[in-house]
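The next block holds one structure in the form of C-alpha cells; read it before the comments.
Just the heavy atoms: all of them, side chains too, but no hydrogens, waters or symmetry mates, feed the values below. First the proteins, then the strands, lettered A, B, ... as listed; each starts at 1.
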Amino acid sequence: MTIPQLTIFIENSSGTLSMVLEQMKRSNIQMIACTIADTAEYGIFRIICTEPRRAFEELKDAGIAVALSNVFALELDNHPGGAADVVKVLSNAGIDIAYMYAFLLGGKGILVFRTDDEMKARETIAADGLQYLSEKDLG
Amino acid sequence: MSRDQMRELQGKRLHKIVEYVYHHVPFYRSRLQEMDLTPDDIRTIDDIVKLPFTTKKDLRDNYPFGLQAAPQNEIIRIHASSGTTGNPTIVGYTRRDIGVWTECMARCLTAYGVTRNDIVSVAYGYGLFTGGLGAHNGVEMVGASVVPASTGNTEKHVRLIRDLGITGICCTPSYALYLAETMDKMGIAKDQIHLRVGAFGAEPWTENMRTEIQERLGLKGYNIYGLSEVMGPSVSYECSEQHGSHINEDHFYPEIIDPVTLKPLPAGETGELVFTTLTKEGMPVLRYRTRDLCSLLPGECPCGRTNVRMSPIYGRSDDMLIIRGINVFPSQVESVVLSMEEFAPRYMLVVDRVNNLDTLQVQVELRQEYFTATLDTPAAIEELSKKLEAKLRSVLSIGAKVQLKAPGTIERSQGKSAHVIDKRQLK
C-alpha cells in the first residue's frame with residue numbers, strides 16, 4: 001500500500017541537484033519518479049527509485065541530508081477522471097493530503113500522496129478495494 | 001561591607017592611585033594633563049568616568065617598563081602575557097602586590113570551599129603566565145597543601161590525584177576535560193578519586209562544559225577570572241551559587257562601557273568590561289579595556305557577599321558588529337545555534353544593507369541525522385527556521401533571517417572573524 005520515498009534537502013544553488021543525481025548514478029540507482037517542492041532558498045527533492053533502502057544508506061554516507069519515508073501509491077484507471085475518483089474516496093473519508101504527485105509505471109498511472117492519518121488511509125483503501133503499489137513493484 | 005562603605009573605600013583608593021600614577025608614570029601624567037585633569041579632580045568613585053582609558057596597545061607601545069610606577073628595586077616578580085600579535089605585556093609586581101594578589105586568590109578558594117584540610121593541585125602553567133604561581137600562592141595562604149603539578153605529563157598527574165587523595169584542582173576547563181579523558185584511557189573511574197572542587201578559568205567556558213566536567217570528575221566546578229594586565233587569576237570568582245563571579249572590587253574596580261561610544265552603560269547591560277586597579281603599586285592601570293564582553297549582575301547574591309558579580313564572558317568586543325544600531329556578537333548567535341540540536345555547531349552571519357537598511361542573515365547547517373521524514377515538507381522546515389529566528393530575536397533584540405544550508409556546506413571556520421561576512425564594507 002505504501003512505498004519508500006527518499007526526501008532530500010537541497011539548496012537552491014547550482015550544482016546541488018547534479019551532485020545528488022551523480023551520487024545515485026554512482027550507486028547504480030534508477031529514478032522512477034521525482035518531484036521538487038521548492039521555496040526561494042531551498043528545495044525538497046522527493047524521489048521514488050529502485051532499491052530505495054540501499055539508495056538511502058549510500059546517499060547518507062555521501063553526507064547528503066536525506067530521509068526515508070513511506071508514501072501511499074495508488075494505481076489509477078487509465079481514463080479521464082481516474083484521479084478524481086480516487087481522491088474523492090479519500091476526501092469523503094476525511095483524509096487530509098499533505099502533498100501529492102503522479103507518474104506512469106508500465107503504462108499505469110500511479111498517484112503518490114502523503115497523509116498524517118496513515119491508519120485511516122489504510123482502512124479506506126482496503127475497504128474501497130483501491131488498487132495499490134508495493135515496495136516490491138519498484139524493482 | 002555595605003555598598004556605601006565599599007563605594008567610599010573605592011573613592012578614596014581611586015584618588016590615591018590617580019595621584020600615585022600622576023607622579024610616577026609620565027604616560028598617565030601627560031594623558032591627564034591633556035584632559036586638563038589633576039588628581040584633585042578625582043575625589044569619589046563616580047569621578048572615574050572623567051579618566052582616560054588604557055588599552056592593550058598603550059601597554060605594548062610602552063614596552064617593557066613604560067607603565068611601571070614602582071622603581072625597579074621594589075619589583076619582586078615579573079610576569080609576561082603572551083605576545084602573539086606583537087610585544088608581550090610585561091607586568092611587574094611589588095611585594096605588596098603579590099600580597100594583595102595572594103589574598104584575592106585565597107578569597108576565591110575560600111568561596112569554593114577550600115580549607116586547610118584540602119590537597120590542591122595547580123595545573124595551570126607555571127612560568128611567565130600568571131595562572132600557575134598566582135593560584136599556587138593562594139592555596140598556600142589558605143593553608144591547604146599545594147601540589148604544583150603544572151601542565152604536561154597528565155598521566156602522572158592523574159595518578160597523583162588518585163594516590164594522594166587530591167581534593168581540589170586549579171586548571172583550564174579544557175584541561176579538566178582532558179584529565180577526564182586521560183582517566184578513561186587509564187581505566188581510572190570517578191569513584192577512585194576524591195576531587196571535590198575545581199577552579200577553572202583562563203578561557204571562556206559554557207554551562208554545558210561545566211555539567212560535563214562536574215559529571216566526569218565528580219566535583220563542583222567554579223569559574224575564576226583574571227587577566228595579567230590587571231593582576232592575574234583572582235580578579236573575580238564564583239561562590240557556591242555558581243551564578244556570576246564576585247569581583248574583588250576593593251582592588252579591581254569594574255565598569256561596563258559601550259565599546260563604540262565608550263560611554264558607561266546602565267547597570268545590567270552587556271558591554272565591554274573595564275578595570276581600574278585601586279591598590280596596585282607595580283603597574284597600576286586606569287580604566288583598562290579588557291575587550292571582554294559581559295554584564296554586571298544587579299541585586300544581592302544569596303551567598304551573602306556584597307561585592308558585585310559579573311556574568312560569564314559572552315565574547316570579545318573586537319568581534320562586535322553593529323546592525324541597525326544594535327550591538328551584535330557572533331558568540332550570541334553561536335550560543336543560540338548550539339542550543340538547538342537540529343543544527344550543526346557551525347554558522348555564518350551575513351550582514352548586508354538593502355535600501356539603506358541593515359539586514360542580518362544567519363546561515364546554519366541542518367544536522368544530517370535530524371533531517372527525518374517529519375521534515376519532508378517546506379512547511380515543516382519553515383517551522384524549524386521560525387523557531388530559530390524567534391530564539392535569535394529574543395537574544396539579539398533584532399530580527400535575523402535564517403537560511404538553512406545542507407550538511408557540510410558552511411565552511412569550517414578558521415578563527416572568529418570567519419563567522420562573519422559583512423557586505424556593507426564593500427560598498
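When the heavy atoms of residues 387-397 of chain B are compared with those of chain A, none of the residues falls under 4.5 Å. Listed by sequence position, A:Glu41, A:Tyr42, A:Ile44, A:Arg46, A:Leu59, A:Lys60, A:Gly63, A:Ile64, A:Ala65, A:Val66, A:Ala67, A:Leu68, A:Ser69 are the residues of residues 41-70 of chain A in contact with chain B, using a 4.5 angstrom heavy-atom cutoff.
Enclosure of atom OH in A:Tyr132 is not indicated, since only 12 or fewer non-hydrogen atoms of other residues, nucleotides or ligands lie within 6.0 angstrom. The environment of NZ in A:Lys25 is sparse: at most 12 heavy-atom neighbours from other residues, nucleotides or ligands sit within 6.0 Å. Within a 6.0 Å sphere centred on OH of B:Tyr314, other residues, nucleotides and ligands contribute more than 12 heavy atoms.
For a residue to count as touching a neighbouring chain, one of its non-hydrogen atoms must lie under 4.5 Å from one of that chain's; by this rule B:Leu366 touches chain A with the side chain only. Within the 4.5 angstrom heavy-atom criterion, atoms from both the backbone and the side chain of A:Phe9 approach chain B. Both the backbone and the side chain of B:Glu382 come within less than 4.5 Å of a heavy atom of chain A. Using a 4.5 Å cut-off between heavy atoms, A:Ile10 makes no contact with chain B at all.
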**Message:** Set out, in order, the CA-CA distance, both residues' side-chain angles and the distance that settles side-chain hydrogen bond (donor to acceptor under 3.5 Å, both in side chains) for B:Thr409 and A:Glu11, then state yes or no.
**Reply:** CA-CA 10 Å; B:Thr409 55; A:Glu11 284 174 41; 3.0 Å; yes

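Among the candidates B:Thr372, B:Ile381, B:Thr377, the residue making the largest number of heavy-atom pairs closer than 4.5 Å to chain A is B:Ile381.
Distance OG1/A:Thr7 to CZ/B:Phe371: 6.0 Å, rounded to 0.5 Å.
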